[in-house]
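Have a look at the structure below, then the notes.
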Amino acid sequence: MRNRRYLSALLTFALACIATLGFGLSLPTAQASTYTPITGEGSSWAANAIDDWRASVVNKGIKVNFAATGSVAGLTGFANGSDDFAASDIPFGINNVSPNVPGRGFAYIPDVAGGTALMYNLTVGGQKFTNLKLSGPTIAGIFEGTITQWNDPKIKADNPGVALPPLKITPVVRSDGAGSTAQFTLWMAKQFPSDWTCGEVSFFTNCNKYNPVVQQAKSGDNGVAGFVAQAGNVGSIGYVEYSYALQSGYPVAKVLNKAGLYVLPTASNVAVALLKAQVNMDASNPDTYLTQNLNAVYTDPDPRAYPISSYSYFVIPTVNQSGFNAQKGQTLGAFTD
């Protein structure tokens with residue numbers, strides 16, 4: 001309950017920041033024509049939800065342009081003033097991961113909670129295999145390139161009794177600066193440092209284990225999911241927000257949690273895990289203040305918890321500058337509300 005109060009307080013604080021600029025959070029339908037279009041970019045991990053929200057407010061006269069360019073591009077566009085808001089799975093100021101904190105005033109609003117899923121394309125005995133189980137060290141080995149065949153003993157140990165084929169594994173990663181890459185690699189770095197040695201990175205291609213002969217790099221969750229879902233790419237596996245796998249009709253791996261159970265990134269399993277999320281309340285560190293700390297999520301002993309669960313954020317302005325004005329604030333406030 002304490003964590004939910006923190007998240008509620010964070011959302012209230014961010015909405016209040018918009019309101020203090022002199023904008024209401026909504027307008028009557030009769031005034032819909034007064035809305036000014038706004039532009040944002042960023043997280044493709046959260047883009048399916050954002051696109052649904054954008055579509056749902058069109059009939060209210062609210063036009064929100066959004067490009068799923070990746071979290072790093074979103075933070076960069078917000079910082080240089082080319083965007084009215086950003087969507088990002090990571091905050092500003094993470095060394096070698098995200099842009100520095102901008103001079104522009106901003107606040108974070110948690111918008112999407114979800115699971116980073118391991119979507120895969122694999123057949124066993126001529127049939128699509130839909131019950132793959134993977135432990136954290138095995139996942140780290142696959143994406144670092146030390147586990148290269150689907151019949152590797154470590155994968156077989158996670159899937160006893162399954163006749164896995166002697167087929168090359170093709171890990172599919174993000175080519176752009178992605179918050180999902182940062183969240184995925186942070187989980188591996190925190191929990192399995194001997195198996196994942198690159199630490200936290202937002203550009204997978206900056207990892208010294210990246211090899212274009214081993215991994216396929218694609219832009220956005222759509223690019224990763226699109227590659228894995230191609231019929232000719234049997235043996236591939238990539239990380240995406242779970243909705244992309246559901247849209248494609250391809251399975252995702254069950255991931256081993258701290259309770260010793262293999263679980264899917266369902267809404268309920270993600271929700272259970274994120275009850276352990278903490279909000280950094282140390283105001284002396286502005287880079288991480290009011291952002292998520294997922295250490296306890298990774299180690300949640302609840303048998304339902306999906307360990308690779310996280311939040312994404314809207315990054316919204318708190319002052320009128322860099323082309324942001326009261327009219328745009330009215331739109332952003334109504335859309336956010």
Side-chain angles (χ1 to χ4, degrees), residues 40-48 50 66-80 82-83 86-102 108 112 114-119 136 139-147 169-193 195-228 236-241 244 287-288 291-292 294 298 308 310-313 315:
E41 65 175 307
S43 172
S44 69
W45 188 87
N48 279 342
I50 294 170
F66 181 77
T69 55
S71 294
V72 172
L75 293 176
T76 301
F78 180 85
N80 65 28
S82 59
D83 293 310
S88 180
D89 316 318
I90 48 175
F92 285 107
I94 304 177
N95 189 38
N96 297 321
V97 172
S98 62
N100 292 331
V101 174
Y108 298 114
V112 174
T116 296
L118 283 306
M119 176 181 165
I139 293 168
I142 287 172
F143 283 89
E144 184 152 309
T146 58
I147 296 176
I169 299 173
T170 302
V172 190
V173 304
R174 292 282 292 275
S175 61
D176 51 328
S180 58
T181 299
Q183 294 291 7
F184 180 50
T185 57
L186 178 63
W187 169 69
M188 293 189 291
K190 288 272 189 178
Q191 296 299 304
F192 319 106
D195 301 286
W196 175 257
T197 59
C198 277
E200 182 184 9
V201 294
S202 54
F203 285 92
F204 197 103
T205 52
N206 286 347
C207 171
N208 60 15
K209 300 299 182 180
Y210 171 70
N211 182 340
V213 175
V214 176
Q215 296 103 347
Q216 283 281 328
K218 300 296 177 182
S219 179
D221 281 57
N222 268 327
V224 173
F227 183 94
V228 174
S236 60
I237 181 171
Y239 54 92
V240 295
E241 202 279 324
Y244 288 86
D287 293 353
T288 59
T291 64
Q292 61 192 334
L294 300 173
Y298 303 153
I308 325 176
S310 59
Y311 294 101
S312 189
Y313 304 94
V315 183

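For the side chain to side chain donor-acceptor pair (under 3.5 Å) test, residues two or more places apart in sequence or in another chain that qualify with E41 are T69. For V112, the side chain to side chain contact (heavy atoms under 4.5 Å, CB included) test picks out W45, A46, A49, W53, S312, with sequence neighbours left out. Residues passing the side chain to side chain contact (heavy atoms under 4.5 Å, CB included) test with N222 are Y244, sequence neighbours excluded. Listed by chain and number, the residues in a side chain to side chain donor-acceptor pair (under 3.5 Å) with E200 amount to none (sequence neighbours excluded). Shown here are the ring pair (Phe, Tyr, Trp, His ring centres under 6.0 Å) partners of F184, two or more places apart in sequence or in another chain: F143, Y239. Evaluation of the side chain to side chain contact (heavy atoms under 4.5 Å, CB included) rule for S236 yields N121, T170, V172, F227, V228, N233 as partners, not counting sequence neighbours. In this structure, the side chain to side chain donor-acceptor pair (under 3.5 Å) partners of E241, at least two apart in sequence or on a different chain, are S243. Residues forming a side chain to side chain donor-acceptor pair (under 3.5 Å) with T185 (at least two apart in sequence, or on another chain): none.
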N/O donor to acceptor pairs below 3.5 angstrom from side-chain atoms of residues 94-101, sequence neighbours left out:
unit_1 : atom_1 : unit_2 : atom_2 : d
S98    : OG     : P91    : O      : 2.7
S98    : OG     : G93    : N      : 3.2
S98    : OG     : I94    : N      : 2.9

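Taking the side chain as every heavy atom from C-beta outward, I169 and P171 approach each other to under 4.5 Å. At least one side-chain heavy atom of I90 sits under 4.5 Å from a side-chain heavy atom of L75. A 4.5 Å side-chain heavy-atom check between Y108 and T291 finds at least one atom pair inside the cut-off.
For residues 173-185, every residue pair satisfying the salt bridge (charged side-chain N to carboxylate O under 4.0 Å, His left out) rule, not counting sequence neighbours, is listed here: R174-D176, R174-D221. Residues in residues 205-218 take part in no side chain to side chain donor-acceptor pair (under 3.5 Å) pair, two or more places apart or across chains.
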